[in-house]
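What follows is a set of notes on a single structure, which appears directly below.
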Protein chains: 2
Amino acid sequence: MAGERRKFRREGEERRRDQLVAAALEIIAEKGPDAATVRTIAERAGVTQGLIRHYFTSKGDLTRAAYQSHMQRMNEVSFAALDSAPQEPLARLEAFVSTTLSPPALNGTAVGLWSAFLQMIRRDPEMMVVHEANYLAFRDRLEGLIAALPGQRSPAELRALAIACTAVIDGLWLEGSAYPEGFDANELAAIGWRAVSAILGIDTPARAGTGPRPTTKETLP
Amino acid sequence: MAGERRKFRREGEERRRDQLVAAALEIIAEKGPDAATVRTIAERAGVTQGLIRHYFTSKGDLTRAAYQSHMQRMNEVSFAALDSAPQEPLARLEAFVSTTLSPPALNGTAVGLWSAFLQMIRRDPEMMVVHEANYLAFRDRLEGLIAALPGQRSPAELRALAIACTAVIDGLWLEGSAYPEGFDANELAAIGWRAVSAILGIDTPARAGTGPRPTTKETLP
DNA sequence: CGCACAATTATGCAAGCGTATAATTCCGGT
DNA sequence: ACCGGAATTATACGCTTGCATAATTGTGCG
C-alpha cells in the first residue's frame with residue numbers, strides 16, 4: 001500500500017545538470033530566490049532532492065552553475081541578434097540598442113533573476129568574477145560598435161562613451177522591466193536610441209525639429 | 001545561577017520602531033536579506049526578538065516599514081542636495097547629477113538594499129506602489145530641472161528627456177555601486193554629466209563658449 | 001510608597017531548510 | 001540472463017526560522 005517507490009529513468013550527467021540548473025533559474029525568476037529550495041528545484045526538475053547533492057557538491061554550487069548558465073545564455077542571445085544585423089555601423093548600433101530594449105530581452109523575469117543574483121554577487125567573489133566578465137563583455141561589444149562608426153575617437157573617449165551608452169541602456173532596460181506599465185510599447189527603444197545618438201553626437205534620424213542638436217549654434221532656417 | 005534575567009529600559013513606541021527599522025536596514029545592506037532574521041534584527045537593535053512582534057504585526061510588516069523609511073530618507077537627501085545648490089538652472093542640474101553619482105550616494109550598501117528590495121517589490125503590490133511613487137518622484141524632479149533650462153520643450157519631449165536622463169544616471173549609479181573597482185573616482189560623475197548634457201543638447205562645459213541652444217526652433221529674442 | 005499595567009524578556013513550537021546516509025532500482029556489459 | 005555498480009529515491013537529523021504565549025520587570029500615577 002504505502003511502499004510505492006517512485007519510478008525513474010536514468011539520464012546522462014550533463015542532461016541532469018542542465019535540468020536542475022534550468023529548474024533553479026525558473027523558480028528564482030518566478031518566485032524569488034527564497035522559494036528556490038532544494039526541494040522545489042528538484043520537484044520542478046522532475047526528480048527528488050537527493051539527486052541535487054549527487055550532481056552538485058552543495059546548493060551554492062548549483063546556484064553558481066545557474067548564474068553562469070544564465071549569463072552565458074544572455075550573451076549568446078545578444079550575439080545572435082548582432083550577427084543577423086546589417087553591415088552599416090550605424091544600423092548595427094541601432095539594431096543592437098533596439099533589440100536590447102524590446103521584448104524578449106525586456107521582460108519582468110529577467111530583472112527578477114538579475115536582482116536576485118546581484119545579491120549573491122556581492123557576497124561571493126566567484127560570482128563577482130562572472131559578473132565582471134559579462135558586464136565588460138557587453139560594454140566591449142558596444143564599444144566595438146561605436147568604434148566602427150565614422151569619425152575618430154581616442155581610446156579614453158571610446159571608453160567613456162561605451163560606459164555612458166551601457167548605462168543608459170541598462171537603466172532603461174531595468175526600469176522597463178521592473179515597471180512595465182510605465183512605458184509604451186516602443187517608447188523605451190526609441191528613447192534609448194535617441195539618447196545613444198545624442199551621447200555619440202549623431203543626428204537623430206527620426207524626428208527632425210525636436211531632436212537635440214548638440215554642437216552647432218546656428219541651426220535650421 | 002542561570003536565572004539572570006536581562007535588564008531593560010522602556011522606550012517610546014516611535015523610538016523603538018525606528019530602532020528596529022534601522023537595524024533591519026543595516027543588516028539587509030550589510031549581510032543581505034537572508035541574514036535579516038527576526039533574531040539578528042532584534043539583537044542589532046539591542047532588544048530581544050519578541051519585541052518585534054509587539055510593535056509589528058509580522059516580519060513582513062517590519063520589512064515594509066523599513067523600505068518606506070529607506071525610500072523616504074533617500075528622497076530627503078536628494079532634496080537637501082538640491083536646496084543648497086545654486087540658482088542657475090544649468091548649475092543646478094549639474095549639481096544634481098554630480099551629487100547622485102558621487103559618494104555617499106554612490107556606495108555599495110545602497111545597491112545592496114536596492115536589489116534586495118527589488119525582489120520584494122515584484123511580489124508585494126504594496127511595495128510596488130512605494131517604488132513607483134519614488135521612481136516617479138526622482139524623474140519628476142529631474143524633469144523639473146530640465147524644464148527650467150533655457151529653451152522650450154513640449155511635455156512629451158520633456159518626458160522622454162527625463163526618462164533618458166534618469167536611465168543614464170541610474171545605470172551609472174548602479175554599475176558604479178555594484179562594481180566600484182571598475183571606475184576612477186570622479187569618472188562616473190564626469191561621464192554622467194557629459195551624457196546628460198548630450199541628451200539635452202547642451203554643449204559640454206569643457207568646450208565652453210557656446211551657450212546652450214537646446215531647440216532648433218526659434219527660441220531666444 | 002506601592003500598585004497596576006504596558007513594555008520587555010524568556011521559552012516553546014511547528015514547519016522548513018540544507019545536508020548526510022541508507023535503501024532501492026535501472027541498465028549496460030558479459 | 002544476470003550481476004555489479006552507478007543513478008535515483010527515501011528517510012532522517014540537526015539547525016534555523018517566524019510566530020505564539022507565558023513569565024517578569026520597569027515605570028507613571030494615586
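Naming: A, B, ... by sequence-line order, numbering from 1 per chain.
Rounding to whole angstrom units, CD of residue Glu4(A) and P of dT11(D) are separated by 12 Å. Rounding to whole angstrom units, CZ of residue Arg16(B) and P of dT9(C) are separated by 7 Å. Straight-line distance from the NE2 atom of His54(A) to the C1' atom of dT25(C): 13 Å, rounded to whole Å. Per the geometry, CZ belonging to Arg9(A) stands 12 Å off P belonging to dT9(D), to the nearest Å. As rounded to whole Å, 15 Å separates atom C1' of dT21(D) from atom CG of Leu51(B). One can place CZ of Arg6(B) at 11 Å from P of dT8(C), the figure rounded to the nearest angstrom. Put simply, NZ on Lys59(B) is 8 Å from P on dC19(D), counting in whole angstrom units. Between Tyr55(A) atom OH and dT9(D) atom C1' there is a gap of 13 Å when expressed in whole angstrom units.
Counting any heavy atom pair closer than 4.0 Å across all strands shown, Phe56(B) reaches no nucleic acid atom. At a threshold of 4.0 angstrom between heavy atoms, the contacts of Thr37(B) are confined to the sugar-phosphate backbone, with no base atom among them. Using a 4.0 Å heavy-atom distance criterion, Gln49(A) is classed as a base contact.
Checking dT9(C), dT19(C), dG18(D) against the side-chain heavy atoms of Val38(B) singles out dG18(D) as nearest.
The environment of CG in Asn186(A) is sparse: at most 12 heavy-atom neighbours from other residues, nucleotides or ligands sit within 6.0 Å. The number of heavy atoms from other shown groups lying within 6.0 Å of CD (Glu11(B)) is above 12.
Along DNA chain D, the nucleotide closest to Val47(A) and the one closest to Gly50(B) are compared, and the more 5′ of them pairs with Val47(A). Where Gly12(B) and Arg39(B) each meet DNA chain C at their nearest nucleotide, the meeting point lying more 5' is that of Gly12(B).
In this pair, His131(A) and Tyr135(A) present their aromatic rings parallel. The plane angle is below 30°, not in the 30 to 60° band.
For Arg5(A) against dA23(C), a side-chain-to-base donor-acceptor contact under 3.5 Å is present. Under 3.5 Å, the side chain of Arg10(B) and the base of dA6(C) form at least one donor-acceptor pair of N or O atoms.
Between the side chain of Arg122(A) and the backbone N or O of Leu118(A) there is no donor-acceptor pair closer than 3.5 Å.
In this structure, a donor-acceptor pair under 3.5 Å is present between the side chains of Tyr179(A) and Glu132(B).
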